[in-house]
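Step one of this worksheet: look at the structure below.
Lettering of chains follows the sequences in order, A, B, ..., and the numbering in each one begins at 1. The figures here come from the full heavy-atom set of this structure, side chains too, leaving out hydrogens, waters and symmetry mates.
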Amino acid sequence: MSLDPIFISGTIAAAALIGVGITHALDNSSLELSQLTAVSELVLVGPGSFDHPKAGEFLKENHPVAAPIVQETIHAPLEIMKYQVSVSEYGRCVADGACKPIDARKSGNVPVTGVSHMDAEAYATWLSSRTGEAWRLPTDVEWAYAAGERFRGDMESGESDPNNPARRWLARYRTETALGRKPDPEPRLQGAFGINSKGLADVAGNIWEWTSTCYIHATMASDGLGIASSIDNCGVHAVEGFHRTYMSNFIRDGKSGGCAVGTPPDNLGFRLVRDQPSLARTLLRRLGLA
Amino acid sequence: MLTRREALLGTVLTAAAVATVGAMPAVASTKDVAGLPREKVTLVPPPFVHAHDQVAKGGPKVVEFTMTIEEKPMVIDADGTQINAMTYNGSVPGPLMVVHEGDYVELTLINPETNTLAHNIDFHAATGALGGGELTLVNPGEQVTLRFKATRSGTFVYHCAPGGAMIPWHVVSGMSGAIMVLPRDGLKDDTGKPVRYDHIYYVGENDFYIPRDEQGQFKKYETAGDNYDDTLKVMRGLIPTHVVFNGKAGSLTGDNAMKAKVGETILIVHSQANRDTRPHLIGGHGDFVWEQGKFANPPAKDLETWFIRGGSAGAALYTFLQPGIYAYVNHNLIEAVELGATAHFTVEGSWDDDLMMQVEAPKAIAS
């Protein structure tokens, strides 16, 4: 592997700050790592617990119900990219031959769009090998935690009538229509959609982000809380943004019309989380690489 | 091939020639028509249709309509793609006109000075003079009044046909609509039994041919004239960039989805002035369908998909039996999903388990 000075200095600088970040994270506030990383500016989100509607489709007594809301806990500080991966960052992976080219409409500090789950995975793999760190897509829970007040979840009216399934479809349609969100397909410069309470930029703007959480069909236990059984489909992953939706791994452009009633993502992009360097080093040591 | 300048000039020359012909007064029938009652109708934009009687009250009359032609930019998809639209009365498609067989349609067509092109109207429901096209060519700043007798019942397309290459260009710029000529005693099923509708919706389908730049992005033009050369090249490939209902992808969805209740009967009039299409109501049917749109022929029953020939309008009658969201599509699904030809119905009411139920929800395959 050839060494790229930008990556080296970037990651070292970021790593140096991690210690500071953790101290701050302990009082459950978030800390934005400074501009030192030319590669990816990171945000450290302190650990905590929050209520979260699980991702997937849920059935109770044979009828679809809203996703159960469960308390999720982020145990370790979450280190996540402040911005979505940009066209120029992704371009380096393409130049290295590790990522598939995209039909770039814009260049520079604009979020990369038109990327599939497979593209995002390829980028994470490449970035990890370039930096010797463990980069990956966030889980749906991690994304929601970092999205904070900007997390919306599934388009869901909460209506469920076992005798009339159409009521749920109609209510969801009305909910979605009432939101009145107009399509907004043009990617903007990084930061155009502002910073959320956790310090992340552009959350729930006009880019929907891939997560590592598989789409599931789950049947609720009779107590209505636990999950009795579930079938995972990891050919489809949760995508997060203005709302949560589920897309096949190979989809690069979520826009659609047709029979499906649903708000399609304006654009598909992603940001990555970095597992704590100590953890990463442990991993690498285990693999005999460091 | 005509350059744009020549083409535009050509239209003006034709206009001059037609003006002479049009100046001849149509005296012959004036006497017979003079004594008839007159009714003035205000047109409404699609998918809605002006109030009308399904069964005619009294004898034939003269029904007066006015349409103002508007050339204006219109957005045709979610990405903001723009067309230099040519419209009858400001909408794409133009409004649906409704009269009864034996009535006289009297249309005043206004081409305001603010427009840049000559326009006219060819009614497929009319007899002679190229459907009225020869008698209605108006330059910006002119208006014309045409009267024709509605001698055949059915749904018929009308469109602009100002000569030569102008014809398809005006049509694929949005200049078409439909007229419905009802039998005086209303619609009947295949056995001759009267049928009625609670709601009528008019869905006009358009195929658009928007030129792209070197990056593959759709181009925008200042005026209609500026796009002519580029658009013609795309048109000659015969592959539309957009196939939409009501002038824009998604125009009949969300807040604008068509509405009905379980037990209500709807009549959907569907026109396509240029290209074949195949409407399909996902989750429903056509109880009685006049595929060719002509009410003198008995309707076909229980259709899944019906065929509307380019240059015609058809009508489908359906009574909703189940609540929910219905998609009404052009069942070339590529055109429905990728190019835009999808509308929605939201239907309220009680679910009928007898017609359908999920006996068992998705679960792991039994081993």
Side-chain angles (χ1 to χ4, degrees), chain A residues 56-65 103-107 155 161-186 206 215-220 228-233 253-267, chain B residues 75 77-81 215-217 242-245 248-251 253-257 259 262 280-283 320 322-331 333-353 356-365:
Chain A
E57 306 262 1
F58 297 85
L59 293 170
K60 196 182 161 191
E61 285 150 13
N62 252 3
H63 290 286
V65 290
D103 304 322
R105 281 178 289 179
K106 301 211 163 180
S107 56
M155 287 286 179
D161 180 350
N163 298 315
N164 187 348
R167 285 189 58 188
R168 183 164 183 264
W169 305 327
L170 286 161
R172 191 169 52 197
Y173 193 87
R174 273 193 298 269
T175 302
E176 203 173 307
T177 301
L179 284 172
R181 189 180 186 282
K182 299 265 178 293
D184 179 14
E186 202 62 28
N206 66 355
Y215 172 71
I216 66 164
H217 266 185
T219 299
M220 306 290 298
S229 66
S230 105
I231 300 286
D232 293 8
N233 176 359
D253 182 354
K255 274 179 286 179
S256 67
C259 346
V261 179
T263 301
D266 291 321
N267 293 291
Chain B
V75 170
D77 63 22
D79 294 338
T81 304
Q215 279 81 48
Q217 302 294 300
H242 297 74
V243 177
V244 303
F245 297 153
K248 183 185 178 186
S251 67
T253 63
D255 273 335
N256 300 317
K259 288 167 186 64
V262 170
H280 173 93
L281 181 64
I282 300 179
F320 281 103
Q322 198 79 293
I325 311 290
Y326 289 74
Y328 177 78
V329 299
N330 169 342
H331 210 286
L333 295 169
I334 303 165
E335 296 179 12
V337 179
E338 295 294 328
L339 301 189
T342 298
H344 293 151
F345 280 93
T346 58
V347 181
E348 306 274 351
S350 301
W351 183 263
D352 183 349
D353 274 340
M356 183 185 283
M357 68 178 296
Q358 188 178 47
V359 178
E360 205 166 42
K363 62 172 192 179
I365 297 165

Over 12 foreign heavy atoms within 6.0 Å of [atom1], [X]:
X	atom1	answer
B:Lys363	NZ	no
B:Gln217	CD	yes
A:Leu179	CG	yes
B:Met357	CE	yes

Between B:Ala78 and chain A, which part of the residue has a heavy atom less than 4.5 Å away: side chain, backbone, both or neither?
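Interface part for B:Ala78: both.
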Is A:Asn163 close to chain B through its backbone or its side chain, or both, or neither, when contacts mean heavy atoms under 4.5 Å?
backbone
Looking at every heavy atom in both [X] and [Y], which two are closest together, and how far apart are they?
X	Y	result
A:Tyr173	B:Gly254	OH-N, 2.5 Å
B:Ala364	A:Ile231	CB-CD1, 3.4 Å
A:Asn164	B:Trp351	OD1-CB, 3.4 Å

Given B:Glu348 and A:Leu170, is the side-chain contact (heavy atoms from CB on, under 4.5 Å) satisfied, shown in steps?
CA-CA 8 Å; B:Glu348 306 274 351; A:Leu170 286 161; 3.8 Å; yes
Side-chain contact test, heavy atoms from C-beta onward, threshold under 4.5 Å: evaluate it for B:Asp77 versus A:Pro183 and give yes or no.
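No, side chains not in contact.
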Test side-chain contact (heavy atoms from CB on, under 4.5 Å) on A:Trp169 and B:Val347; report intermediate values, then the result.
CA-CA 10 Å; A:Trp169 305 327; B:Val347 181; over 6 Å; no
Name the member of B:Gln215, B:Gln322, B:Glu360, B:Glu335 that forms the most heavy-atom pairs with chain A at distances under 4.5 Å.
B:Glu360
If you measure from CZ on A:Arg174 to OG1 on B:Thr346, what distance do you get to the nearest 0.5 Å?
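If I round to the nearest 0.5 Å, the distance is 7.5 Å.
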So how far is it from A:Thr177 OG1 to B:His344 NE2, rounded to the nearest 0.5 Å?
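Those atoms lie 9.5 Å apart.
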